[in-house]
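For this chain, numbers begin at 1 and follow the sequence in order. Every number for a ligand or one of its atoms is a count from 1 in the order of the listing. Because the structure is a prediction, the values reported are computed rather than measured.
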Amino acid sequence: MPNCIKIILTFAFLSLIANVKSDAKKESKKEKEKRLKAEALLRAQQEEAERLERERLYQEHLEKLEAKYQGERESELAELNSLEQKFLSAQQWKINYREQAKWEHYLSCDGTPDPTVPQEINTFMSLWRDDQDEDIQLVMEKEEVVLNLIEKLEFLLLEASPEEITDKQRDQYQEVILQLQDLLHQKYNDATQNLLKIASMYEDSETGNMHTVLKDENITFCIWVNLKKKARFKSHMFQEAGHGFELPKALALSSVAVRVLHTRYDHVSPLWVQCQGLPRQEASYSLELAEHPEDTGQGPGEEEEEGREEPSTPAAEETGSNGRKESAASLKENSNNTADTKETKEETEKNSDILDVPSQEEDALLQEEPGGREEAPKAVDLQQLVPVGGVFHISALQLPPQAQDVGDWSMVELLDAGLEVYPYSPGEAEDGTQEAVQITLRLPDNVIYFQAPVVARWDPAGQQWRTDGISNITYEAEEKSITFSMGAFYTVALLQDAHLNLPYQAWELHPAGVDEGLFTVTAVFATIQIQIK
Ligand SMILES: *[C@@H]1O[C@H](CO)[C@@H](O)[C@H](O)[C@H]1NC(C)=O
Ligand SMILES: *[C@@H]1O[C@H](CO)[C@@H](O)[C@H](O)[C@H]1NC(C)=O
Ligand SMILES: *[C@@H]1O[C@H](CO)[C@@H](O)[C@H](O)[C@H]1NC(C)=O
């Protein structure tokens, strides 16, 4: 073959190959497209299947959740129902219990009234009021009845839900409580007067004066009667009670009796303090501003003997939602402070500063008294400090005329007046210092004071405890006694910080058996264990 043909052939062949090649190329491109399409379709199908599966799973999950929720709801509902049942039966139990108590009271026929029935309680009070021949022992016996009546009413006030007693009943119960408290104190005054009339029959052979102590669980009655008026007997210690006093010279030479009447109950503070949980009465600062009782010349003890001016100013009157709101607010504040169990002491102090704020505001108000030369707050904030261990009524009393022996006869001048306060206003001693009464009190042994108690006197006009007028306080923790001086005779209480143990440091709840547990709260000074059954 000539070369040129060879070349042509070769060329043709090559071009043929090229042709075939390009055909093949075309072919594979198509196929690829097809394949890609198929793949895409497959993928789409797969994705769709996966989506459906996911949805199915999700649906399944939802259904499971739904079922679970339904189940929980049912069990919760059942629990709620059972709680409601329990609540109803508790209520029924309470009603039955009250009826049973009423019935038992009726059966016992012991002559004590039902304090919720106005006729009964009024009859009881007026019969007792008319009874003139009181002696201290008789009053002490009756006191137990009166305290139990008051307790019943306070319990009702605290425990009854708003639907169970009306506002009118609530007011009425509070009114009765105050009337009973007043009457009881009045009876102690009458009995004191009866005792003073015959004091000379019981004179002490050593001093020629008369003194005695009578006490029971709730009251300690101490009286000293200055029959001989000798300056060397100006002080006396009631050994059985641990209370004592030292009089200024002027008083030691007068016809005077000194009474220290300690009641474990507090019938002096506003009702909401006596019975924590009752709505709070608004303290009326305007009254305080208007009257500033320190300046009055007349014997300050006089007001003390009158006690509350009228039983018709009970805590009930001005109270309402306000008082409730306020205590609710302070509760919240407290619970904030208690919430953190690991607070250091400094933080504790910071917290008590926060709590102090409102009282400082109040005190700022009080200090605006005209001519107010006081720097420190004098009125006690009862949210901050609370009286513990009861109340000490310390009074100087006029001595009624004593019987004189004339031959075989005993003669006595009869006066119609009741118990009278000795009109004592502190004079100046020779050395220019104010003559003060010095009082020593033995602390009640049913009370623990974690710090030196604050000594405060009751200001009947301002209806508040005040710390002015009391000085030179010495606290003997070991001997459990406190000694202080005061310019006049006052009703005194020992107060302690209400938040002393707050915030608590830890708490624990231990199971102690079936349906039994031990709840332990560890606070700053005290550890409290409460058994729960
Ligand atoms: C003492 O007071 C309580 C409650 O205040 C009372 O239950 C108790 O009977 C009283 N006891 C006496 C002897 O008065
Ligand atoms: C009380 O706690 C709440 C929330 O726990 C907080 O918002 C509030 O500031 C706290 N108040 C005080 C007085 O600490
Ligand atoms: C304070 O009390 C002490 C004893 O308790 C007494 O010796 C002292 O004279 C008193 N001071 C004043 C100023 O009354």
Side-chain angles (χ1 to χ4, degrees), residues 97-98 100-102 104-116 120-121 124-125 127-129 131 134-160 173-192 194-195 212-223 238 240-243 259-278 307-308 311 314-315 382 386-393 441-448 458 491 493-496:
Y97 174 79
R98 283 211 196 113
Q100 182 68 17
K102 270 202 164 157
E104 270 166 17
H105 173 255
Y106 176 75
L107 283 185
S108 72
C109 237
D110 57 0
T112 60
D114 178 344
T116 61
E120 282 189 35
I121 193 72
F124 171 82
M125 286 195 284
L127 280 179
W128 195 25
R129 220 173 257 128
D131 191 352
E134 294 295 2
D135 72 26
I136 305 286
Q137 295 287 1
L138 285 174
V139 180
M140 281 164 90
E141 279 164 29
K142 200 85 157 209
E143 175 195 58
E144 186 166 5
V145 178
V146 172
L147 289 179
N148 286 326
L149 291 174
I150 290 173
E151 216 175 28
K152 266 188 202 170
L153 287 174
E154 284 179 343
F155 184 66
L156 262 177
L157 283 173
L158 286 180
E159 180 236 25
Y173 295 170
Q174 294 191 357
E175 172 85 30
V176 171
I177 290 175
L178 292 173
Q179 282 180 8
L180 283 169
Q181 292 179 347
D182 270 2
L183 184 55
L184 180 59
H185 193 65
Q186 186 54 46
K187 281 294 161 183
Y188 271 116
N189 285 347
D190 292 352
T192 305
N194 289 344
L195 181 62
T212 191
V213 174
L214 295 162
K215 57 180 180 179
D216 72 8
E217 187 190 334
N218 293 317
I219 196 161
T220 307
F221 178 94
C222 307
I223 197 148
F238 297 102
E240 301 95 318
H243 309 318
R259 181 180 70 173
V260 180
L261 176 62
H262 172 227
T263 60
R264 282 213 179 163
Y265 46 82
D266 173 4
H267 287 176
V268 175
S269 300
L271 210 51
W272 68 268
V273 179
Q274 295 175 26
C275 182
Q276 292 286 339
L278 289 184
R308 266 169 238 108
L382 286 169
V386 286
V388 280
V391 171
F392 299 85
H393 300 262
L441 297 177
R442 189 185 152 74
L443 306 180
D445 45 16
N446 63 333
V447 174
I448 300 169
W458 181 246
T491 292
L494 307 174
L495 296 93
Q496 186 160 241

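- For the residue pair Glu143 and Tyr188, a side-chain donor N or O sits within less than 3.5 Å of a side-chain acceptor on the partner.
- For the ring-ring contact (aromatic ring centres under 6.0 Å, His included) with His243, the lone residue among Phe392, Phe221, Phe238 that qualifies is Phe392.
- Taking every heavy atom of Asn148 and a limit of under 4.0 angstrom, the matching atoms of ligand 1 come to 6 (C), 7 (O), 9 (O).
- Residue Gln496 comes nearest to Val388 through the heavy atom pair CB-CG2, 3.8 Å, listed as atom of the first residue, atom of the second, then distance.
- Ligand 1 places these atoms under 4.0 Å from at least one heavy atom of Asn218: 1 (C), 2 (O), 3 (C), 8 (C), 10 (C), 11 (N), 12 (C), 14 (O).
- Salt bridge Arg264/Asp445: present, at least one basic N to carboxylate O contact under 4.0 Å.
- Among protein heavy atoms, atom 9 (O) of ligand 1 sits closest to Glu144 OE2, 3.1 Å.
- With Glu151, Arg264, Lys142 as candidates, the residue nearest to atom 5 (O) of ligand 1 on a non-hydrogen basis is Glu151.
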